[in-house]
Amino acid sequence: MSVSSYPPLYCDRSGIISILYFDDDCIMCNTFAKWIVKLDRREKIYFASIKELEDILPKDIDSVVYYSDDLYIRSDAVIEVLNDATRTKIFSAFKVIPVCFRNRLYKFIAGNRHRLNRGDACEINSKVRKRIISS
């Protein structure tokens with residue numbers, strides 16, 4: 001589900017640079033960002049802390065937001081960033097599942113993600129850190 005249509009924040013000579021906003025205190029979110037870095041060989045996807053959007057987004061959106069050609073939240077953010085990172089539309093196959101079910105699963109996982117930390121400090125991967133921008 002896209003939230004709104006805004007022009008891209010950052011561009012380079014070859015096109016749009018997309019931003020994945022993620023919870024940088026979360027081991028699961030950091031692992032997801034590390035995975036996106038491995039998949040995104042073109043280096044078009046950059047990262048920023050979800051905390052930068054605190055005053056803009058509803059309070060219940062606190063894990064992943066993807067900004068590219070549009071602003072995507074929850075399960076749509078995950079699907080779109082995976083599609084862009086792999087330069088395919090294969091993950092769009094998950095859109096046959098009604099958004100209410102996809103988002104219910106997403107909210108369950110996002111709501112329980114901090115249980116994985118078990119008090120451990122979360123270190124951002126060095127490859128992810130190189131692509132962090134401040135928006």
Side-chain angles (χ1 to χ4, degrees):
M1 168 189 320
S2 66
V3 175
S4 59
S5 295
Y6 293 103
L9 293 177
Y10 296 94
C11 293
D12 68 4
R13 285 187 228 160
S14 59
I16 297 170
I17 297 173
S18 303
I19 305 170
L20 178 65
Y21 292 91
F22 71 107
D23 180 359
D24 51 351
D25 293 328
C26 169
I27 288 174
M28 183 183 294
C29 296
N30 276 294
T31 301
F32 183 66
K34 183 179 169 182
W35 195 40
I36 294 300
V37 166
K38 286 182 183 179
L39 293 173
D40 181 30
R41 294 188 179 124
R42 298 173 302 148
E43 297 185 2
K44 293 289 186 183
I45 300 171
Y46 286 77
F47 302 90
S49 175
I50 191 76
K51 294 172 193 141
E52 294 188 31
L53 301 178
E54 279 181 340
D55 297 333
I56 300 169
L57 296 174
K59 298 294 181 214
D60 66 331
I61 300 173
D62 65 350
S63 53
V64 174
V65 171
Y66 183 55
Y67 186 79
S68 61
D69 61 332
D70 211 340
L71 186 66
Y72 300 95
I73 59 173
R74 299 187 179 100
S75 63
D76 282 329
V78 173
I79 291 168
E80 293 299 326
V81 74
L82 287 169
N83 280 339
D84 286 354
T86 59
R87 295 174 58 178
T88 68
K89 294 293 181 190
I90 194 147
F91 293 97
S92 292
F94 288 105
K95 290 189 176 187
V96 299
I97 301 169
V99 71
C100 61
F101 295 125
R102 284 189 284 124
N103 283 343
R104 191 173 301 151
L105 176 62
Y106 175 87
K107 286 178 184 179
F108 175 78
I109 293 169
N112 291 293
R113 71 188 186 277
H114 290 290
R115 292 182 184 186
L116 295 174
N117 288 11
R118 296 188 183 128
D120 298 335
C122 189
E123 184 67 31
I124 296 176
N125 179 278
S126 61
K127 291 180 182 177
V128 174
R129 187 174 302 284
K130 287 180 193 174
R131 291 171 56 183
I132 289 181
I133 59 171
S134 183
S135 56

**Q** So which heavy atom on Phe47 is nearest to which on Ile45, and how close?
**A** CE1-O, 3.8 Å
**Q** State the OH-OH distance between Tyr46 and Tyr21, to the nearest 0.5 angstrom.
**A** 14.0 Å
**Q** Looking only at non-hydrogen atoms, find the nearest pair between Lys107 and Arg74 and report the distance.
**A**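 Minimum heavy-atom separation between Lys107 and Arg74: CE-NE, 3.2 Å.
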**Q** So which atom in Val65 and which in Leu71 form the shortest heavy-atom distance, rounded to 0.1 Å?
**A**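 Closest pair (atom of Val65, atom of Leu71, distance): CG1-CD1, 3.4 Å.
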**Q** Can you tell me how far apart CD1 (Ile61) and CG (Leu53) are? Round to the nearest 0.5 Å.
**A** 9.5 Å
**Q** Is the shortest heavy-atom distance from the side chain of Asp24 to the side chain of Val128 under 4.5 Å?
**A** no
**Q** Does some side-chain heavy atom of Ile36 sit less than 4.5 Å from a side-chain heavy atom of Leu82?
**A**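 Answer yes - side chains close enough.
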**Q** Determine whether more than 12 heavy atoms belonging to other residues, nucleotides or ligands lie under 6.0 Å from atom CZ of Arg87.
**A**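 Counting other residues, nucleotides and ligands, CZ of Arg87 stays at 12 neighbours or fewer.
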**Q** Can you tell me if NZ on Lys51 sees more than 12 non-hydrogen neighbours from other groups inside 6.0 Å?
**A** yes
**Q** State, to 0.1 Å, how close Lys44 and Arg131 come at their nearest heavy-atom pair, and which atoms those are.
**A**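 In terms of heavy atoms, the two residues are closest at N-NH2, 4.1 Å.
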**Q** Should we count CD1 of Ile97 as having more than 12 external heavy atoms under 6.0 Å?
**A**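 Check passes, neighbour count above 12.
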**Q** Working to the nearest 0.5 angstrom, can you tell me the gap between Ile90 CD1 and Asn83 CG?
**A** 9.0 Å
**Q** List in chain and number order the residues that pass side chain to side chain donor-acceptor pair (under 3.5 Å) with Tyr106, two or more places apart in sequence or in another chain; answer none if no residue qualifies.
**A**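 Tyr106 satisfies side chain to side chain donor-acceptor pair (under 3.5 Å) with Ser63 only.
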**Q** Would you say Val81 and Phe91 make side-chain contact, with heavy atoms under 4.5 Å?
**A**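 With C-beta onward as the side chain, the pair stays apart.
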**Q** Side chains of Asp84 and Asp40, heavy atoms from C-beta outward: is any pair under 4.5 Å?
**A** no
**Q** On a heavy-atom basis, which atom in Lys95 and which in Glu80 lie closest, and how many Å separate them?
**A**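 Taking every non-hydrogen atom into account, NZ-OE2, 2.6 Å.
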**Q** Would the distance check show the side chain of Arg104 and the main-chain N or O of Phe101 forming a donor-acceptor pair, the cut-off being under 3.5 Å?
**A** no
**Q** List the steps, then state whether side-chain contact (heavy atoms from CB on, under 4.5 Å) holds for Leu20 with Phe32.
**A** CA-CA 10 Å; Leu20 178 65; Phe32 183 66; 4.0 Å; yes
